[in-house]
2 protein chains.
Amino acid sequence: MEEQKIGSLRFKIDFSQPLYEQILDQVRSAIAKGEIELGAKMPSVRELALELRVNPNTVMRAYQELERDGLTEKRRGQGTYVTSSAERVQLFRTELASKYMDSFLEQMASLGISLSEIQGYLSKKYPNETGGTR
Amino acid sequence: MEEQKIGSLRFKIDFSQPLYEQILDQVRSAIAKGEIELGAKMPSVRELALELRVNPNTVMRAYQELERDGLTEKRRGQGTYVTSSAERVQLFRTELASKYMDSFLEQMASLGISLSEIQGYLSKKYPNETGGTR
DNA sequence: GTAGTGTATTATATCACTTAATACACCTAA
DNA sequence: TTAGGTGTATTAAGTGATATAATACACTAC
């Protein structure tokens with residue numbers, strides 16, 4: 001429940017999922033949504049671990065995955081920085097969105113739910129929006 | 001990779017996810033899609049465990065969840081049967097679809113992706129379909 | 001040199017998942 | 001009644017992912 005602010009980052013950590021995964025997801029989201037600026041300095045591994053009351057190894061695991069995503073760059077002895085490339089962020093967004101989309105469609109298919117039914121659900125969830133394909 | 005048939009049920013089991021979860025998902029899907037008939041007798045816990053080369057406790061865990069879903073009924077001493085109520089199956093379908101939908105929309109929101117962008121992705125994935133809301 | 005970075009290693013603990021062995025309660029059919 | 005098939009419960013054990021803790025090393029800026 002308790003939301004923490006560390007620099008321009010906000011964190012909500014609980015025990016429903018692995019800690020490193022929550023840190024990873026929330027930083028990913030902040031970068032994807034532009035809540036933290038391109039090229040900005042990330043909190044250091046030790047600092048973030050201290051603030052979140054979590055082991056440094058746990059933070060490092062999240063940071064390593066962020067670099068694999070191409071969302072951050074590490075400079076030994078200096079720190080971790082958000083990538084300066086808007087293209088990389090955009091590429092990450094589309095790739096992850098595509099994965100989310102595929103697994104969602106697979107779930108719906110396993111229930112025998114067609115595309116038109118999905119569209120129907122979408123309309124119900126957003127009754128006020130006209131929808132992009134209408 | 002190896003797909004197994006047990007009665008009218010088909011199973012593909014690997015080690016990417018918990019075994020009980022895979023069994024659960026695949027039986028759910030079979031019932032939701034009508035691949036196994038309403039009121040049909042399910043394989044017994046011991047039989048399915050033997051066929052899938054899995055511990056009976058693991059199968060039982062999946063079966064217990066199926067009953068919680070309202071998709072099966074157990075008759076002590078007789079066996080496990082698929083529910084005879086088409087309404088229950090339909091209810092389950094809509095409830096689970098709604099959950100899938102919500103968590104999907106949450107994922108997309110975490111990437112800062114709007115509804116109209118989602119509609120765009122849908123059109124790309126299904127270029128030949130007209131779509132139910134058009 | 002000092003302090004702050006990321007990184008690596010080793011040990012330990014906990015929990016979810018799975019298997020295994022066994023026993024019990026219930027129902028059906030011979 | 002007996003035998004065999006149901007679901008259920010319990011106890012024990014092993015494995016792997018997750019997390020913590022303590023420590024050390026390499027690099028960089030000041």
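Order of the sequence lines fixes the chain letters, A, B, ..., with proteins taken first and strands second; residue numbering starts at 1 for each chain. In this text, all values refer to a predicted model and were calculated from it rather than measured experimentally.
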Can you sort out the partners of Glu67(B) under salt bridge (charged side-chain N to carboxylate O under 4.0 Å, His left out), two or more places apart, ordered by chain and number?
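With sequence neighbours excluded, Glu67(B) shows a salt bridge (charged side-chain N to carboxylate O under 4.0 Å, His left out) to Lys74(B), given in chain and number order.
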Which residues share a salt bridge (charged side-chain N to carboxylate O under 4.0 Å, His left out) with Lys33(B), sequence neighbours left out
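For Lys33(B), the residues satisfying salt bridge (charged side-chain N to carboxylate O under 4.0 Å, His left out) (neighbours in sequence not counted) are Glu35(B).
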Could you check how far [atom1] of [X] sits from [atom2] of [N], rounded to whole Å?
| X | N | atom1 | atom2 | result |
| --- | --- | --- | --- | --- |
| Ile23(A) | dA19(D) | CD1 | C1' | 11 Å |
| Glu21(A) | dC15(C) | CD | P | 19 Å |
| Phe15(A) | dA16(C) | CZ | C1' | 16 Å |
| Met60(A) | dA8(C) | CE | C1' | 7 Å |
| Glu73(B) | dT6(D) | CD | P | 18 Å |
| Leu50(B) | dA21(C) | CG | P | 13 Å |
| Asp14(B) | dC17(C) | CG | P | 16 Å |
| Glu47(B) | dG5(D) | CD | C1' | 11 Å |

Between [X] and [N], does any side-chain N or O lie under 4.0 Å from OP1 or OP2?
| X | N | value |
| --- | --- | --- |
| Lys74(A) | dC27(D) | no |
| Thr58(B) | dT19(C) | yes |
| Thr80(A) | dT5(C) | no |

Which residues satisfy the side-chain contact (heavy atoms from CB on, under 4.5 Å) test with Arg28(A), sequence neighbours excluded?
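Only Leu24(A), Asp25(A), Glu65(A), Leu66(A), Asp69(A), Leu71(A), Phe92(A), Leu96(A) meet the side-chain contact (heavy atoms from CB on, under 4.5 Å) criterion with Arg28(A).
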For Ser84(B), what residues pass the side-chain contact (heavy atoms from CB on, under 4.5 Å) criterion, not counting sequence neighbours?
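Expected list: none.
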Main-chain N/O of Lys12(A) paired with Gln4(A) side-chain donor or acceptor, under 3.5 Å:
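Between the backbone of Lys12(A) and the side chain of Gln4(A) there is no qualifying donor-acceptor contact (under 3.5 Å).
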Closest to the Gln64(A) side chain, choosing from dT19(C), dA8(C), dG7(D):
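Output: dA8(C).
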B/S/- along nucleotides 22-30 of chain C (protein heavy atoms under 4.0 Å) is -B-SBBS--
Taking atom CD of Glu87(A) as the centre, report whether more than 12 heavy atoms of other residues, nucleotides or ligands fall under 6.0 Å from it.
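No - once you tally the heavy atoms of other residues, nucleotides and ligands closer than 6.0 Å, there are 12 at most.
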I would like to know whether Glu3(B) and Phe11(B) meet side-chain contact (heavy atoms from CB on, under 4.5 Å); could you show each step before the answer?
CA-CA 6 Å; Glu3(B) 182 172 309; Phe11(B) 289 94; over 6 Å; no
Kindly list each side-chain donor-acceptor pair under 3.5 angstrom involving residues 50-59 of chain B, sequence neighbours excluded, with atom names and distances?
{"unit_1": "Asn55(B)", "atom_1": "OD1", "unit_2": "Asn57(B)", "atom_2": "N", "d": "2.9"}
{"unit_1": "Asn55(B)", "atom_1": "OD1", "unit_2": "Asn57(B)", "atom_2": "ND2", "d": "3.4"}

Side chain to side chain donor-acceptor pair (under 3.5 Å) with [X]: which residues, sequence neighbours excluded?
| X | answer |
| --- | --- |
| Glu73(A) | none |
| Ser16(B) | Asp14(B) |
| Gln90(B) | Arg93(B) |
| Ser98(A) | Lys125(B) |

Does any residue of residues 35-44 of chain B have a heavy atom under 4.0 Å from DNA chain D, and if so, which ones, in number order?
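Only Ser44(B) qualify.
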Check nucleotides 15-17 of chain D against the protein and report each pair of N or O atoms closer than 3.5 Å, with its distance, or say if there are none.
none

Whether the side chain of Asn55(A) and the base of dA19(D) hold a donor-acceptor pair under 3.5 Å is what I'd like checked.
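Absent.
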